[in-house]
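Note: hydrogens, waters and symmetry copies are ignored here, and every other heavy atom, side chains too, is used.
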Amino acid sequence: MKKKPTMKQQAEMVNNLCVKTYMEILGYCGGIVEEEGLAIFNSPFKETGALYVDRQTNTFRLDHGKRKGGVLDLACALFKETRSTILRNIVLYRIDLLMSKCGSRSGAIW
């Protein structure tokens, strides 16, 4: 019988999924992909600016540097929810679609 992953293991798995693909699933299409391995989106937050997704590290950051991290960190910031709330309701936050698209693969998919 397979053990259910702990909340920490689930958080790590979700945070390692492709941030760029998650942005696209949420409807933030039109990100510019640069040769340096960055995808640039308009900031989805109230602050103006840009959100950068680094292909090598598979993390996002805002150009003013206040927020950064992986998919789970992005979902927490966007929806103003805790990690545990998002992990308990992955369908509501569309993480299930990301998991379907990425499968068990972690890291950036470009």
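Between the side chain of Asn58 and the backbone N or O of Asn16 there is at least one donor-acceptor pair closer than 3.5 Å. Remark: side-chain polar atoms of Asn15 are paired, donor with acceptor, to backbone N or O of Leu72 under 3.5 angstrom.
The closest side-chain heavy-atom distance from Met13 to Leu87 is not below 4.5 Å. Side chains of Tyr28 and Asn42 form no contact here, defined as non-hydrogen atoms less than 4.5 Å apart. Residues Arg83 and Gln10 are not in side-chain contact: their nearest non-hydrogen atoms beyond the backbone lie 4.5 Å or more apart. Considering only heavy atoms from C-beta on, Val14 stays 4.5 Å or farther from Ile86 through its side chain. Annotation: side chain of Val71 is not in contact with side chain of Tyr93 (no heavy-atom distance under 4.5 Å). The shortest side-chain heavy-atom distance between Arg61 and Asp54 does not fall under the 4.5 Å cut-off. Contact check for Met99 versus Leu17: side-chain heavy atoms found under the 4.5 Å cut-off. Residues Met23 and Phe60 have side chains not in contact (no heavy-atom distance under 4.5 Å, counting atoms from C-beta outward).
Smallest separation of non-hydrogen atoms from Val19 and Gly69: CG2-O, 4.4 Å. Residues Leu26 and Phe79 share a closest heavy-atom pair of CD2-CZ, 4.1 Å. Residues Asp73 and Lys68 approach most closely at CB-O, 4.0 Å, considering heavy atoms. Counting all heavy atoms, side chain and backbone alike, Pro44 lies closest to Leu51 at CD-CD1, 3.8 Å.
In this structure, Leu97 CG and Cys102 SG are separated by 10.5 Å, a value rounded to the nearest 0.5 Å. Note that the NZ atom of Lys20 and the CG atom of Leu38 stand 12.0 Å from one another [nearest 0.5 Å]. Between Glu24 atom CD and Lys101 atom NZ the span is 6.0 Å, to the nearest 0.5 Å. Summarising the geometry, atom CZ belonging to Phe45 is positioned 4.0 Å from atom CG belonging to Leu78; distances are rounded to the nearest 0.5 Å.
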Applying side chain to side chain contact (heavy atoms under 4.5 Å, CB included) to Ile32 and Phe41, what does each step give before you reach the verdict? CA-CA 7 Å; Ile32 301 167; Phe41 296 88; over 6 Å; no
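Between Glu12 and Lys8 there is no salt bridge, since none of the side-chain N atoms of the basic residue sits less than 4.0 Å from a carboxylate O of the acidic one.
Heavy-atom neighbours of Asn89 CG from other residues, nucleotides or ligands within 6.0 Å: above the threshold of 12.
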